[in-house]
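Every heavy atom of this structure was used, including side-chain atoms; hydrogens, water molecules and symmetry mates were not. One is the number of the first residue; the rest follow in order along the sequence.
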Amino acid sequence: MLRDLPPNARWYSISVIVAGAVTFVLLVPRASFSPILPLLFLVLLSSLTSAFKVYFPIASGVNMSVSYVVDIASLILRGPHATMIVGAASGWAQTKFNAKGKNAPYRTLFNMACLTLTVEAAGQVYQRLGGTADAAVDSLPLPLAGMALTYFLANTVLIATAVGLSTKQQVWRIWKTDFASSAPSYLLGAVTAAAVIAVTQRSGYWLTLVLTAAPLYMTYKLYRAGKESDARQGAILEAAHDAIITVDPHLHIREFNPAAEQMFGALRINMLGRDVELLLPDAERKPQRHALGQYLTTGEGPLARRQLELTGLRSDGAEFPIEVTVARIGADARSEMTVFVRDITERRALEEQLRQSQKLEAIGRLAGGVAHDFNNILMSIMGSADILLMELEREDPARAEANEIKQAVQRGAGLTRQLLAFSRRQATRPRLFALAEVVAGMETLLRRLIGPEVEFELCGQAEPSMVMADPAQIEQVVLNLVVNARDAMPEGGRLTVRVDEIDIDEAAAVALVEGRAGRYARLSVSDTGTGIDEQTRARMFEPFFTTKEHGKGTGLGLSIVYGIVKQSAGYISVVSEPCRGATFIIYLPAVMAAEPSHTAA
């Protein structure tokens, strides 16, 4: 829409549209429309060749627009006023026919106004320099050159100004980069138009039509082949999940596919012509811009034949990790570069989860080994304490000290059991039971434990979720999670314990790192407390890690939960943000209960 343009571009577009409309209304009535059929033929031919972008290949990599040749021929034969009708129709056809999508009305009016002003200015110059429809061939070079250069300057300057104001770039740089090199083709097109008119006048329209039919048909075939190639490339760009960005030798963006729009949160129209460094944070712009320029110029450098992990910058200022691969197109000074960008945020998160899992596994093995060795030492001390108690009289003052030794050993034994639970080496007694029934049996205990300040809710499903685990250990898991949730709500809140079943597909199983697809019983404990920040979430399952004050926690509660869940072939995840509460979700493999068999008497 017109209102989406920057203010300068908006007012410039309106000015060009108004100028074109006024010029058309004032000067078209002065045109000569007789004979009408050749004029209508010129209108039709210019519209079709313009809409379908039909070109004559005239040199290596250079094409000449057939619609431009038609416009020049119309200017020579019918004058500037009548040719404004040809130009306006051509501008209308460009945006209405064969377009990839629906163009805004202002674009159509702007194209019509540009061509109206262009042909009027070029025709006026042609006539001022002595050009007429029946002028001698030796008097045409100067009028033709003046007309071609006027057409070239008027058309390209109007368009370059619109692009520059719309994308906030320098108009001169855009004109110099994208349009200046096409000046010779305008001169050649004017000569071609004059030659076609001369042949037509001498040989007749039918012979000229026959002679031009073959090259026109070949041009159409080349056009169709090019359209099919462009369509395939466009389909690839549209369907690609990775961002595909094309940049010119000045590192300005020339193509920005839909995946790039979604990845960087910026519209294509707003990014075309902008510097590619806008997609990188300030700290990386200078070195990476140098690397891109080096690769574009020489084909060498840190980006050559390798993937590079960088940091991208979204339009809202958020940074995210990206993987960049570049491909150089061409080997001269006008070579371009295609940049393939992949968002690796999810991959980084999975890698971090895998590292965390491996880290906890290593800590668990270490804890298990230490617990066994420490337990052997404790047993030796316990045996010595028992011998002392047997040998000491009841009235002996040392008996109290021996009892204290024994109690300390028992406390140490409890610590080793917790370490063994984390390392998944504690002896268990698994059996088949309904998870919801075990949790429901703890309701009275849990309500007394959390106190009246916390609103407690226990939710379960109608059908029981059967799991194979140690019920006592599952009770310990629930107890530890509820205690942590209570401590996170010192001023009260809401605590919800929920049991249900869920089917986990392959995608969700990947998110659980070690998870496998299947049906799981899900136990979730949610609170409305202080929440857990990212740094704490990274370490909270480690033994002896705690955020509580000294003397108010050993830091083994969540590590025990982790060990028990893993020992039960389950998985645990945490969803939390600071000041928004926390939800611990435990997945235990659901087991179908065997139906009792009835033997016939």
Side-chain angles (χ1 to χ4, degrees), residues 421 431-504 508 511-512 515 518-534 536-537 540-541 546-548 552-553 556-566 568 570-591 593:
R431 65 180 179 86
L432 189 64
F433 66 93
L435 180 60
E437 291 181 3
V438 170
V439 176
M442 302 176 65
E443 182 174 4
T444 303
L445 171 63
L446 296 178
R447 289 187 182 277
R448 291 177 180 174
L449 184 65
I450 62 177
E453 299 84 6
V454 177
E455 182 181 352
F456 179 73
E457 182 181 8
L458 181 61
C459 304
Q461 60 183 14
E463 297 182 1
S465 300
M466 307 300 293
V467 297
M468 180 66 72
D470 188 331
Q473 288 190 340
I474 299 301
E475 289 178 349
Q476 187 177 5
V477 167
V478 176
L479 192 63
N480 286 354
L481 293 179
V482 168
V483 169
N484 278 351
R486 179 202 62 187
D487 294 342
M489 299 183 288
E491 298 180 358
R494 182 179 181 84
L495 175 63
T496 303
V497 178
R498 185 184 304 274
V499 178
D500 57 5
E501 282 195 16
I502 183 175
D503 287 313
I504 296 181
L512 294 172
R519 190 160 185 81
Y520 287 82
R522 180 171 59 181
L523 168 65
S524 62
V525 179
S526 305
D527 64 67
T528 58
T530 56
I532 308 172
D533 58 32
E534 186 175 353
T536 303
R537 286 202 304 271
M540 62 185 177
F541 292 122
T546 179
T547 57
K548 297 179 182 179
K552 293 189 176 181
L556 285 171
L558 289 179
S559 64
I560 292 172
V561 170
Y562 180 85
I564 291 174
V565 171
K566 289 296 182 180
S568 303
Y571 311 97
I572 183 169
S573 64
V574 183
V575 179
S576 180
E577 292 183 15
C579 303
R580 294 191 176 183
T583 300
F584 286 80
I585 307 173
I586 294 170
Y587 302 90
L588 297 174
V591 180

Margin query: Does any part of the side chain of Leu558, heavy atoms only, come nearer than 4.5 Å to the side chain of Asn480, both counted from C-beta?
Written below: no

Margin query: With heavy-atom distances below 4.5 Å as the criterion, would you say the side chains of Leu523 and Leu588 are in contact?
Written below: no

Next item on the list: Mind checking the CG-CZ spacing from Leu458 to Arg498? Nearest 0.5 Å is all I need.
Entry: 9.5 Å

Item checked: Side chains of Phe433 and Val467 in contact at under 4.5 Å (non-hydrogen atoms) -> yes

Next item on the list: Please examine the side chains of Phe584 and Ile532, heavy atoms only from C-beta on, and report whether any two atoms are closer than 4.5 Å.
Entry: yes

Notebook entry, point to check: Do the non-hydrogen side-chain atoms of Leu446 and Leu479 ever get within less than 4.5 Å of each other?
Noted result: yes

With a cut-off of 3.5 Å and sequence neighbours excluded, list every side-chain donor-acceptor pair involving residues 434-445.
residue, atom, partner, partner atom, Å
Glu443, OE2, Arg447, NE, 3.2
Glu443, OE2, Arg447, NH2, 2.9

Next item on the list: Check each of Glu455, Arg580, Arg494 against Thr528 using the side chain to side chain contact (heavy atoms under 4.5 Å, CB included) test, and report the only one that passes.
Entry: Arg494

Checklist line | Student check: side-chain heavy atoms of Leu495 and Arg486 closer than 4.5 Å | finding: no

Notebook entry, point to check: side chain to side chain contact (heavy atoms under 4.5 Å, CB included) between Ile474 and Ile586: does it pass, once the steps are laid out?
Noted result: CA-CA 10 Å; Ile474 299 301; Ile586 294 170; over 6 Å; no

Next item on the list: Tell me, yes or no, whether the heavy-atom count around Glu457 atom CD, taken from other residues, nucleotides or ligands under 6.0 Å, exceeds 12.
Entry: yes

Next item on the list: Identify the heavy atoms of Pro464 and Glu501 that sit nearest to each other, and give their distance.
Entry: O-OE2, 3.8 Å

Item checked: Pro471 side chain near Arg431 side chain, heavy-atom distance below 4.5 Å -> yes

Next item on the list: Mind checking salt bridge (Lys or Arg N to Asp or Glu O under 4.0 Å) for Asp500 and listing every partner two or more places apart, or none if nothing turns up?
Entry: Arg522

Next item on the list: Enter the distance from Ser576:OG to Asp527:CG here, rounded to the nearest 0.5 Å.
Entry: 7.5 Å

Note to self: Test your reading of the model: is there a side-chain donor-acceptor pair from Thr530 to the backbone of Cys579, 3.5 Å cut-off?
What the structure shows: no

Check: Closest heavy-atom contact between Ser573 and Tyr587?
Finding: OG-CE1, 3.9 Å

